[in-house]
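Remarks on the structure that follows.
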There are 2 protein chains.
Amino acid sequence: MNRYPNQTRILVATDCIIFGFDGEELKLLLIKRHFEPEIGKWSLMGGFLKEEEDLEAGAKRILNDLTGLSNIYVEQLGAFGKVDRDPAERTLSVAFFALINIHDHDQEAVRAHNAHWISLKNKPALIFDHDDMVSLALEHLRYNAALHPIGFELLPEAFTIPQLQKLYEAIYDMQLDRRNFSRKILSTGLLIDTGSKNMSAPTKKAIMYCLDKEKYQRKFYAFWNFMPGQGK
Amino acid sequence: MNRYPNQTRILVATDCIIFGFDGEELKLLLIKRHFEPEIGKWSLMGGFLKEEEDLEAGAKRILNDLTGLSNIYVEQLGAFGKVDRDPAERTLSVAFFALINIHDHDQEAVRAHNAHWISLKNKPALIFDHDDMVSLALEHLRYNAALHPIGFELLPEAFTIPQLQKLYEAIYDMQLDRRNFSRKILSTGLLIDTGSKNMSAPTKKAIMYCLDKEKYQRKFYAFWNFMPGQGK
DNA sequence: TCAAAATGTGTCTATTCCACACAATTAAAT
DNA sequence: ATTTAATTGTGTGGAATAGACACATTTTGA
């Protein structure tokens with residue numbers, strides 16, 4: 001029952017752009033390849049899609065292989081389909097964008113894959129079109145972190161406002177006014193005071209908050225001000 | 001030189017979600033299939049990717065086939081890769097989002113493909129996962145039309161503010177205050193007065209504007225107000 | 001007990017949002 | 001010619017928000 005006999009079939013892979021945040025800098029989880037092809041060079045974590053595997057399932061399998069985590073925040077970034085993007089054989093790659101808490105993964109699995117957390121500012125050149133994928137992912141992160149709760153996926157469940165501010169400053173590579181940032185964030189009503197404080201701080205202990213995810217979903221379009229009565 | 005001997009190769013297709021605007025309603029260009037499989041049912045325009053064809057080039061070829069147009073606004077929407085999305089054989093489809101001026105296409109080519117402009121509100125059920133593609137495309141349109149110049153792709157080069165307002169009202173399915181809309185649009189500085197007026201109107205002739213595309217690019221992030229000093 | 005570092009909250013001004021009103025233009029009807 | 005109906009362009013004022021900036025509080029260590 002092959003209705004499409006004369007068409008070309010090609011390899012389909014997925015590659016994952018994995019962001020983390022160490023409290024100071026935005027980092028990428030990259031592989032120093034100790035296998036062919038392109039052995040010795042840096043690349044994103046990736047793999048081929050299996051015969052009976054959905055696309056998203058393939059991405060989650062690859063992320064689980066590398067990090068040991070199964071509840072990672074993943075979004076599809078898009079398909080990369082240039083004819084010669086892989087010199088060995090035509091391969092269409094669907095890139096996935098993942099955000100993880102950098103302190104919360106299987107270090108042993110990461111070592112086994114020869115993977116390393118590399119600061120975005122020190123990113124080496126990557127194989128194939130992986131540099132393009134990273135550029136697009138960063139753009140996507142900057143574009144969406146201001147509008148949607150995705151930035152919070154890079155932080156622990158509970159966090160302080162100064163930590164959140166440092167994350168935003170890292171994502172957008174710019175300094176923010178502490179007082180205006182705090183007021184603006186709190187005025188959204190999206191943060192819930194957990195009642196505890198950040199005891200690991202050397203000076204004044206900051207209040208720890210968590211995200212009101214349900215409320216964030218309801219406010220999905222609140223940013224957009226062409227339509228009256230939609231905000232806040 | 002086949003380095004990936006044991007991997008599955010699958011069919012790759014592209015499907016196009018084509019929006020148009022007739023001055024009143026948002027419409028989709030859909031195919032009533034007069035070919036197998038799923039003959040007689042409605043679907044998006046699509047086709048298989050050729051052996052030596054880039055992904056975006058495949059989408060543009062398919063769009064050109066249907067409309068005769070070659071300078072269409074096209075964006076990749078994403079890959080759809082569920083195992084059983086095509087019951088005949090596994091096919092990964094990359095969906096493309098296209099906006100065209102509804103009065104500006106090759107009517108003969110459209111007829112030859114048995115394609116029809118259907119109002120979004122009367123959209124029939126489509127084959128495979130094409131309904132999901134349309135839903136995602138509409139969400140994408142609503143999400144982006146407020147932030148980027150893509151809405152203008154649905155209008156003629158020159159347009160009036162009331163026409164633009166009707167477009168926004170159709171996209172978001174809501175009524176807008178004429179005076180606030182006009183002031184807000186003009187305050188962006190993105191519209192250029194062409195000097196002429198809409199002579200086909202029955203009453204007062206509205207001023208015709210065109211979009212300052214270069215300025216829009218510079219203001220790409222102007223919508224976003226978490227970072228100070230970025231707006232306007 | 002004081003200094004240093006970090007956090008929480010407040011104030012003022014300029015700008016923007018938005019509900020709402022009025023004047024001007026055009027063609028058709030009288 | 002005048003009126004009428006439909007449509008377009010512009011204005012106003014109060015409420016909310018953005019953004020520059022100041023001060024008080026908490027905590028540790030000298």
Side-chain angles (χ1 to χ4, degrees), chain A residues 23-24 146-147 155-156 158-170 172 174-210 219 221-232, chain B residues 23-24 146-147 155-156 158-170 172 174-210 219 221-232:
Chain A
E24 294 294 331
L147 311 175
L155 294 176
F159 50 85
T160 69
I161 289 182
Q163 282 168 358
L164 185 61
Q165 181 176 340
K166 282 204 167 166
L167 171 61
Y168 275 82
E169 289 179 335
Y172 299 100
M174 89 195 300
Q175 296 300 114
L176 298 175
D177 183 275
R178 198 168 54 78
R179 300 154 290 190
N180 291 335
F181 181 82
S182 173
R183 184 159 30 75
K184 201 176 270 192
I185 283 284
L186 287 174
S187 76
T188 62
L190 295 174
L191 298 193
I192 300 170
D193 187 336
T194 64
S196 56
K197 298 198 170 188
N198 177 23
M199 300 314 285
S200 66
T203 61
K204 181 170 181 178
K205 274 65 172 136
I207 298 169
M208 303 206 70
Y209 293 90
C210 64
K219 293 190 176 193
Y221 288 104
F223 68 94
W224 155 58
N225 67 357
F226 260 93
M227 301 292 137
Q230 299 291 304
K232 281 292 139 49
Chain B
E24 294 294 333
L147 310 175
L155 294 175
F159 50 86
T160 69
I161 288 182
Q163 283 167 357
L164 185 60
Q165 181 176 340
K166 283 206 164 165
L167 172 61
Y168 275 81
E169 289 178 334
Y172 299 99
M174 89 196 298
Q175 295 300 113
L176 297 174
D177 183 276
R178 199 169 54 80
R179 299 153 290 189
N180 291 336
F181 181 83
S182 172
R183 184 161 24 75
K184 202 176 268 189
I185 282 284
L186 286 174
S187 76
T188 64
L190 295 174
L191 298 193
I192 300 169
D193 187 335
T194 63
S196 56
K197 298 197 170 188
N198 176 22
M199 298 316 283
S200 66
T203 61
K204 182 170 180 179
K205 274 68 171 128
I207 298 168
M208 303 206 71
Y209 293 91
C210 63
K219 292 192 176 190
Y221 287 103
F223 67 94
W224 156 58
N225 66 356
F226 261 93
M227 300 293 139
Q230 299 291 303
K232 284 289 140 51

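Residue numbering restarts at 1 for every chain, and letters A, B, ... go by the order of the sequence lines.
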Next on the checklist: So, using side-chain hydrogen bond (donor to acceptor under 3.5 Å, both in side chains) as the criterion, who are the partners of A:Q165 when residues are at least two apart?
Outcome noted: A:E169
Item to check | Ring centre gap for B:Y168 and B:F181 strictly below 6.0 Å | outcome: yes
Item to check | Which residues share a side-chain hydrogen bond (donor to acceptor under 3.5 Å, both in side chains) with A:T203, sequence neighbours left out | outcome: none
Next on the checklist: Rounding to an integer number of Å, can you tell me how far A:I185 CD1 sits from C:dT9 P?
Outcome noted: 15 Å
Next on the checklist: Expressed as a whole number of angstroms, how long is the span from A:M199:CE to C:dT7:P?
Outcome noted: 14 Å
Next on the checklist: Going by salt bridge (charged side-chain N to carboxylate O under 4.0 Å, His left out), name the residues that satisfy it together with A:R179, two or more places apart in sequence or in a different chain.
Outcome noted: A:D177
Checklist entry - Starting at CE of A:M174 and ending at P of D:dG19, how long is that distance when rounded to a whole Å? => result 10 Å
Next on the checklist: Base contacts versus sugar-phosphate-only contacts with protein, heavy atoms under 4.0 Å: please encode nucleotides 3-12 of chain D as B, S and - from 5' to 3'.
Outcome noted: ---BBBBBBB
Next on the checklist: Checking A:K166 now: which residues fulfil side-chain hydrogen bond (donor to acceptor under 3.5 Å, both in side chains) with it, not counting sequence neighbours?
Outcome noted: A:E24
Checklist outcome for this item: Atom CG of A:L176 and atom P of C:dA6 are separated, to the nearest Å, by 17 Å
Next on the checklist: Tell me the interatomic distance from A:K184, atom NZ, to C:dG8, atom C1', rounded to whole angstroms.
Outcome noted: 18 Å
Item to check | side-chain hydrogen bond (donor to acceptor under 3.5 Å, both in side chains) involving B:R183 - partner list, sequence neighbours excluded | outcome: B:N180
